[in-house]
Amino acid sequence: MQTFTSAQYAKEFLVSKIVDEAVRTGVSLSDIEVKELYFSETYWTLPDMEEVNEAFDHDYDSAEYEEKIEGLIRSFCVEARKNNRDELDAWNEAFRTIQK
């Protein structure tokens, strides 16, 4: 099982899986939408997150974005559960690392 030494590494893993799932399923994600996945009020985030948030707030609907990301996460989990249990286990471990 994969272990994550920091919340940053865990977050980077989760973001990469969401982006990969978007590519796999043909869902488009803009650069701003991808960067928004790194948002955190209290922990490591991208250095330009303030500008990213301003652009996101101006150009995107939060509810639609959250629905899109939730759909990608569900799709990833269903696919991983069927075809790559190790990926799902790594996802869960990354999620637990961030929760700490």
Side-chain angles (χ1 to χ4, degrees):
M1 177 186 296
Q2 184 166 354
T3 59
F4 299 91
T5 57
S6 71
Q8 177 181 345
Y9 293 130
K11 183 184 287 189
E12 289 173 345
F13 174 82
L14 295 174
V15 169
S16 75
K17 294 305 169 190
I18 293 168
V19 171
D20 290 349
E21 188 63 17
V23 170
R24 188 184 76 77
T25 59
V27 173
S28 67
L29 288 177
S30 69
D31 289 342
I32 294 293
E33 289 175 309
V34 172
K35 286 184 174 187
E36 190 67 20
L37 292 169
Y38 288 94
F39 176 78
S40 176
E41 292 180 1
T42 56
Y43 296 105
W44 176 87
T45 191
L46 300 175
D48 63 343
M49 190 50 77
E50 186 174 328
E51 294 85 11
V52 169
N53 278 332
E54 287 175 16
F56 182 85
D57 289 343
H58 184 265
D59 297 331
Y60 295 88
D61 179 282
S62 292
E64 288 177 14
Y65 173 74
E66 289 175 13
E67 187 175 313
K68 180 192 277 192
I69 299 305
E70 288 172 10
L72 290 169
I73 292 169
R74 276 193 302 275
S75 177
F76 166 80
C77 289
V78 166
E79 181 68 19
R81 188 172 287 114
K82 287 191 305 189
N83 297 314
N84 193 341
R85 189 63 189 204
D86 290 341
E87 283 286 300
L88 185 59
D89 291 344
W91 173 276
N92 290 330
E93 180 62 26
F95 190 77
R96 282 190 294 274
T97 299
I98 290 175
Q99 284 183 315
K100 293 177 190 174

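Predicted, not measured: the structure shown is a model, and the values here were computed from it. Along the sequence shown, residues carry numbers from 1.
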A.B. asks: Would you confirm whether Lys100, through its side chain, and Ala7, through its main-chain N or O, come within 3.5 Å as a donor-acceptor pair?
C.D. replies: no

A.B. asks: Supply the atom-to-atom distance Leu29 CG to Ile18 CD1, rounded to the nearest 0.5 angstrom.
C.D. replies: 8.5 Å

A.B. asks: Supply the atom-to-atom distance Thr3 OG1 to Tyr9 OH, rounded to the nearest 0.5 angstrom.
C.D. replies: 12.0 Å

A.B. asks: Got a second to check how far Thr45's OG1 is from Lys11's NZ, nearest 0.5 Å?
C.D. replies: 5.0 Å

A.B. asks: Between atom CD of Glu12 and atom OG of Ser6, what is the distance when rounded to the nearest 0.5 Å?
C.D. replies: 7.5 Å

A.B. asks: If you draw a 6.0 Å radius around CZ in Phe95, do more than 12 non-hydrogen atoms from other residues or ligands fall strictly inside?
C.D. replies: no

A.B. asks: Counting N and O atoms only, with roles assigned by atom type, does the side chain of Asp48 sit under 3.5 Å from a partner on the main chain of Glu51, one being a donor and the other an acceptor?
C.D. replies: no

A.B. asks: Verify, without hydrogens or angle tests, whether Ser75 (side chain) and Gly71 (backbone) share a donor-acceptor contact under 3.5 angstrom.
C.D. replies: no

A.B. asks: Look only at the side chain of Tyr65 and the backbone of Glu33, and say whether a donor-acceptor pair between them is shorter than 3.5 Å.
C.D. replies: yes

A.B. asks: Measure the CZ-CH2 distance between Arg85 and Trp91 for me, rounded to the nearest 0.5 Å.
C.D. replies: 14.5 Å

A.B. asks: Charged N to carboxylate O under 4.0 angstrom, Arg24 versus Asp20?
C.D. replies: no

A.B. asks: Using a 6.0 Å cut-off, check whether atom CG of Asp31 has over 12 heavy atoms from anything other than its own residue.
C.D. replies: no

